[in-house]
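Being a predicted model, the structure only gives us computed values, none of them experimental. Counting starts at 1 for both ligands and their atoms, following the listed order.
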Amino acid sequence: MPEKYVYSFNEGDGKNKHLLGGKGANLCEMTQIGLNVPPGFVITTATCLTYLADAKRTLPEGLMDDVKQYMQGIEKATGKLFGDPNNPLLVSVRSGSAMSMPGMMDTILNLGLNSQTLPGLIKQTQNERFGYDAYRRFIQLFGKVALGVADEHFDAHFEAIKKRAGVKVDVELTAAHLKEISELFLQVVKEQTGKPFPESVYEQLEIAIKAVFNSWMGKRAIDYRREFNITPAMANGTAVNIVAMVFGNMGNDCATGVGFTRNPGTGVNEMYGEYLVNAQGEDVVAGIRTPKPVQEMEKEMPELYRQLVELRNKLEGHYHEVQDYEYTIEKGRLYCLQTRNGKMNAAAMVRTSVDMVNEGLISKEQALLRVNPDQLEQLLHPRLDPNHVALVLAQGLPASPGAACGKCVFDADRAELLGRAGEKVILVREETKPEDIHGFFASQGILTSRGGKTSHAAVVARGMGKACVAGAEGITVDTRARQAIVAEHVIHEGDIITIDGSTGNVFIGEIPTIPPTFSEELKILLGWADAVAQLQVMANADTPAAARRAIEYGAMGIGLCRTERMFNDVDRLPIVVDMILANSPEERQAALDKLLPIQRGDFKEVFKVMSPRPVTVRLLDPPLHEFLPTELQLTEELNNLRQLQGTVKGVSTLLSTIRSSGQQPKDLPAPAAPFDERGEEIVSEVIAKKERMLRKVRELYEINPMLGHRGVRLGITYPEIYAMQIRGVLEAAAECIKENVEVNPEIMIPQVTTAQELVRVKTSVDTIKAEVEKKYGVQLHFKFGTMIEVVRACMRSAHLAEVAEFFSFGTNDLTQATFSFSREDAENKFLPLYNETGILQDNPFEVLDVKGVGQLMSMTVEWGRKKRSGLKVGICGEQGGHPGSIRFCHHIDLDYVSCSAPRVPVARLAAAQAKLLEDKYTID
Ligand code: ADP
Ligand code: MG
Ligand code: MG
């Protein structure tokens, strides 16, 4: 049982978001630092949990008494009375949990109106139109949120009256229209619920409080929490905020707006936001009318604009963080109704981090901790090729940057259906609502024809890092007909369009994209990260092109260069196949002699690109049969060839019959002559080779290739293969040295289980080193080390460290070995269920299993370094690019992580955060 249910904005602790929710805590904080917030109070999240835990769903005892007492506080502060026919107080009842979940839960405005208080409100404000406007809004919102009456019942009447009145937007409706609408709405409620609309204001309040609590367990909110991995511990129920109403809809000296203290799409330090004159609350976000950019307020309401700038500066000055705020202007007075940390895309996060350090608002450490490393991958998204010539079909607002292309769909359910089926789709709507959220997850991008940069579509898309063009007013969306019309064009469902969320342009068809470039701010931020981090970040790269990209992304070396990738090139594979098919060591050597210059050339190029950074070359790892076609493929090919052989035989028999009869085969085309002579022979040769391959494939067949004849085991059984590769590495290094290029190669052996394997390969390395040094007349310096990817290697790490100068954890194989799961089978068959039911928290092939695999790693490092102090240790599995796994790698004191090039920026930031947060690290 919570001790205190309710806190006024004057008493609540602004730091306690867990108890008061984010909105409530910030309302308290803003009130207490003297910003102009309407009076109000917060019912705690703990109260919500108590309420939800009660099967009967009754409010905790005494809560409504406290609420009444705090309502008196608001009455005193405003000089109005709740339910009073002459001077009525109206309030909003607003949800707000500890984690921001924009638009996921419900809010009711203008609560306290009934047949008694409405005339009072009208008399007091001398504004009948306003009174009925507030009333009809209240009936609809309360009806929907608290009584479960669907919007469409209300909307139908509203649209009908708009049509009859011949107006387009709500502000054109007269008091009489709105009065009629209110009456119709009251009827709707009665018809739909079987009960009249509640007249008692405290009954209204009680129902509203329950409705907000219940919205915590609504489908929308639950879906959202699941998608964003918000656990119950992080977001612990919702608070209820009860706030005295201020009115942006009292006339043309009133307005409502939302803003960001900086541009959330680019991070530029400028006024950013939108407002609507004579409007209330959600009108801006819901896209009822397309709002005006805040810059226009400077001309329209200069004094209020000045106040707004002041509010923005105070907010940032206090929170030291970009704020996303809501305000209302009532009769020339500005009220702040909400603030929270702004959700921005990656580019804006990076830019504002660097700017705020330069402005002295935050420290470098804070800047580094502020950006979510995973978010950086967004910056590596493609952009539209600036040279494309496609014509712009329509233009809207650039609401969330990035380019996206896909098939048009006109509702969220279809988007989900097609998206699940693997189609790329763009969700096209007039405007989006929170109930469309599942369609966002499934889409590449969002296009709306109404609403601004702070509309629901824009905010949600930015949060997800998806492209969004909002308010493309030239497009008429017809959801029923599943089509959209732009001038004379009709876009049907399934037609491909491209949207550019950075410019707001919409195109028909697919536009080519180009890879992104690193911004100056990102370079600066990652430079700070490198200075803080202890872990080095390497890239996995196998080709010179990949190496170049790795450097561009800031890799400090190559942690894994897989030599077999070099074998797979079209002009190399035939030589590799010859090597495999060789019947004798001499034949094999002949093939290897052809491969040597190729490998040497590859290594040299990579070394040059990376110079002077280290490059770890892993010798051949996969089983040889991976370079050959499969048995099935070969049998099919042989069948075809044998058929062809039959045909060729037939043709040549026919030809020789014709010839022997003395006739000229005139009607046969010229090339038939050589065909006639060599045809049969050629086909037979090909068949013989394929048969040899098939025999080899059968010979090499393994029950369990992952655990079979691969890695160092190949190096032991075919020493000449490893010898060629070692020579390739060392000769490439020698040639670089001769050209004055500094190189730091490392030779790494895969699949090692015992030190004896390493000793054998090391002997070969030493011999070749001596030969190469002599041949080139240079001194070679390089490291010799081993992968650790077999459980036995972990247990024998002390012994391995006697030979190996470095370890590199191959956590893909080590995870398979530790779990005894084969990755493919696990991911296809049972792992999803394990994750869903919580048997396993994560997919251990993506997120390092720190408790199991990590435990092995930690022992391995300790034992290895005991034998060889300063032993260099890193990780080159896929998990090396995952921020959580990187924190663990820092924790066990690894020297480096190596990951794919696009993860390098992510890993650099994560490595810095791992250092900054090292004291807080725990393995639970
Ligand atoms: P959400 O969490 O969806 O943003 P809010 O609780 O912030 O919902 O409220 C929805 C809209 O109503 C916002 O635009 C907000 O500014 C406005 N609003 C909320 N309370 C008041 C109030 N007391 N007076 C005027 N407008 C309000
Ligand atoms: Mg809000
Ligand atoms: Mg491996």
query = At under 4.0 Å between heavy atoms, which part of L337 makes contact with ligand 1: side chain, backbone, both or neither?
reply = side chain

query = Between E330 (side chain) and C254 (backbone), is there a donor-acceptor pair under 3.5 Å?
reply = no

key: The one among L27, V37, T107 that brings a heavy atom closest to atom 8 (O) of ligand 1   = T107

note = Under 4.0 Å between heavy atoms, the region of M245 that gets near ligand 1 turns out to be both

note = Nearest non-hydrogen contact to atom 15 (C) of ligand 1 from the set K23, E326, E330 belongs to E326

ask   = Would a distance-only check, ignoring hydrogens and angles, find a side-chain to backbone donor-acceptor pair under 3.5 Å from Y335 to V246?
value = no

key: Geometric N/O contact S95 with ligand 1, under 3.5 angstrom   = no

ask   = Rounded to the nearest 0.5 Å, how far does OH of Y224 lie from CZ of F440?
value = 11.0 Å

remark   = When distances are taken from atom 19 (C) of ligand 1, the protein heavy atom at minimum range is R94 NE, 3.3 Å

request  = Could you tell me whether any N, O or S atom belonging to T107 is less than 2.8 Å from the Mg ion (ligand 2)?
outcome  = no

inquiry  = Quick check: F142 with F185 (ring centres under 6.0 Å apart)?
reply    = no

ask   = Counting N and O atoms only, with roles assigned by atom type, does the side chain of T117 sit under 3.5 Å from a partner on the main chain of D84, one being a donor and the other an acceptor?
value = no

request  = Answer yes or no: is there a side-chain heavy-atom contact under 4.5 Å between M245 and F138?
outcome  = no

message = Between K466 (side chain only) and S443 (backbone N and O only), is there a donor and an acceptor less than 3.5 Å apart?
response = yes

Side chain, backbone, both or neither: the part of V258 lying under 4.0 Å from ligand 1 by heavy atom = neither

ask   = Restricting to N, O or S atoms of E326, which is nearest to the Mg ion (ligand 2)?
value = OE2

request  = Would you mind running through ligand 1 and noting each atom that sits below 4.0 Å from a heavy atom of S92?
outcome  = 19 (C), 20 (N), 21 (C), 22 (C), 23 (N)

key: Nitrogen or oxygen atoms of Q338 and ligand 1 under 3.5 Å apart   = yes

ask   = Is P38 in polar range of ligand 1, meaning some N or O pair under 3.5 Å apart?
value = no

message = Does ligand 1 come near enough to G281 that some N or O of the ligand is less than 3.5 Å from an N or O of the residue?
response = yes

query = Can you say whether the rings of F247 and F130 are parallel (under 30°), tilted (30 to 60°) or perpendicular (over 60°)?
reply = perpendicular

note = Near V246 (heavy-atom distance under 4.0 Å), the atoms of ligand 1 are 24 (N), 25 (C)

key: Backbone of K433 reached by a side-chain donor or acceptor of D436 within 3.5 Å   = yes

query = How close does the nearest protein non-hydrogen atom get to atom 18 (N) of ligand 1, and which residue and atom is it?
reply = L109 CD2, 3.6 Å

query = Parallel, tilted or perpendicular: which fits the ring planes of Y202 and F82, with parallel below 30° and perpendicular above 60°?
reply = perpendicular

query = Which protein heavy atom lies closest to atom 10 (C) of ligand 1, and at what distance to 0.1 Å?
reply = E282 OE1, 3.3 Å

